[in-house]
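Structure first, then comments.
Each chain gets a letter, A, B and so on, in the order its sequence line appears, and its residues count up from 1.
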There are 2 protein chains.
Amino acid sequence: MENITEMLKGVLEGCVLEIISRGETYGYEITQQLRELGFTDVVEGTVYTITMRLEKNNLVDIEKKPSTMGPPRKFYTLNAAGKEQLKIFWKKWEFVSSKINELKTNKIKRREVK
Amino acid sequence: MENITEMLKGVLEGCVLEIISRGETYGYEITQQLRELGFTDVVEGTVYTITMRLEKNNLVDIEKKPSTMGPPRKFYTLNAAGKEQLKIFWKKWEFVSSKINELKTNKIKRREVK
DNA sequence: ACTGGTATATAGTATCGCTAAGTAGCATCA
DNA sequence: TGATGCTACTTAGCGATACTATATACCAGT
């Protein structure tokens, strides 16, 4: 799917939170999981800006571990604030997506023009 | 619902396209419909930047009509390009929202850490 | 005159994902 | 040995979008 960039704004970070919540993981792996999900154009740079933001906002705990496959990995886990943020994200998603689908399924009527 | 701004990026314009597709309407009324939908914090300024963009991208036809309730209204209807854009929007929405819901409903497994 | 609802316009701001480039570890293979 | 490619992280700058704030203006009712 092409050009979904704008639609990913505000949701990609939530996706990253969700992926981290499944168990400790690191940027490169998160990128691959997003691509497997179907967001095939997501690249490392995009994910790293998100993980950096999560760090800055103190939503994750960090542990650096060596890898036999390359440079050390920075493993992330959600802390309490991160879990809370994830909950908020899904609430927002539920709200927004339900409203959009409501609009899509024609529940909105034309108002009378006076 | 608070602070859904980022999540609206990329979808609000699509919502406006959909609303216009239901029959000719104007900015102020579109704003009200979005608020009725549930996006209560959307204000006129936001919608006007969108309708201006639609104009600029030649997705709408415009007809100015007087109103007994205030200043003249600028009525919009979707032209062929606008209808096409709306179709594309819903395709993208289907794609993105289905992927997000897939993630939400736990279909993604942790990859094995080597 | 004043307020409030209707109606449009726009300059400036913040946020977010993307682009592009760089650094670096490790394995394979010519 | 050095070249390539995958793994892995970082960051400066860009573009698109929604929001903030303000301005202008028509009209009705008090």
So does A:Tyr26 get a side-chain nitrogen or oxygen closer than 4.0 Å to the phosphate oxygens (OP1/OP2) of D:dA8?
-> yes

Is atom NZ of B:Lys65 surrounded by more than 12 heavy atoms (other residues, nucleotides or ligands) closer than 6.0 Å?
-> yes

Determine yes or no for a side-chain-to-main-chain donor-acceptor pair under 3.5 angstrom, with B:Asn57 supplying the side chain and B:Leu59 the backbone.
-> no

Touch check for B:Gly27, heavy atoms < 4.0 angstrom, all strands: base, sugar-phosphate only, or nothing?
-> sugar-phosphate

Measure the distance from OH on A:Tyr28 to C1' on C:dC26 and round it to the nearest whole Å.
-> 13 Å

Options D:dA8, C:dG17, D:dT17, nucleotide nearest the side-chain atoms of B:Glu13 | D:dT17

For the side chain of A:Ile50, starting at C-beta, report the closest nucleotide among C:dG17, D:dA18, D:dA8.
-> C:dG17

So, is A:Lys64 near the phosphate of D:dA8, with a side-chain N or O under 4.0 Å from OP1 or OP2?
-> no

B:Arg53: what forms a salt bridge (Lys or Arg N to Asp or Glu O under 4.0 Å) with it, not counting sequence neighbours?
-> B:Glu13

Is the phosphate of D:dA18, meaning OP1 or OP2, less than 4.0 Å from a side-chain N or O of B:Thr49?
-> no

Is B:Met7 linked to A:Trp90 within one hydrophobic cluster, defined over Ile, Leu, Val, Met, Phe, Trp and Tyr using a side-chain heavy-atom separation of less than 4.5 Å?
-> yes

A:Glu6 CD to C:dC18 P, straight-line distance once rounded to whole Å = 9 Å

Residues in salt bridge (Lys or Arg N to Asp or Glu O under 4.0 Å) contact with B:Glu55, at least two apart in sequence or another chain | B:Lys74

Heavy atoms under 4.0 Å, any strand shown: does A:Thr51 hit a base, just sugar-phosphate, or nothing?
-> nothing

When the nearest nucleotide of DNA chain D is assigned to B:Thr46 and to B:Pro71 on a heavy-atom basis, which residue is associated with the more 5' position?
-> B:Thr46

What is the nucleic acid contact for B:Thr5, judged by heavy atoms within less than 4.0 Å: base, sugar-phosphate only, or nothing?
-> sugar-phosphate

Could you tell me whether the side chain of B:Lys9 has a donor or acceptor atom within less than 3.5 Å of a complementary atom in the base of C:dT15?
-> yes

Compare side-chain N and O positions of A:Tyr48 against OP1 and OP2 of D:dT10 and report whether any pair is under 4.0 Å apart.
-> no

Phosphate OP1/OP2 of D:dA16 contacted by B:Arg53 side-chain N/O (<4.0 Å) = no

Atom CD of B:Gln85 and atom C1' of D:dT17 are separated, to the nearest Å, by 14 Å

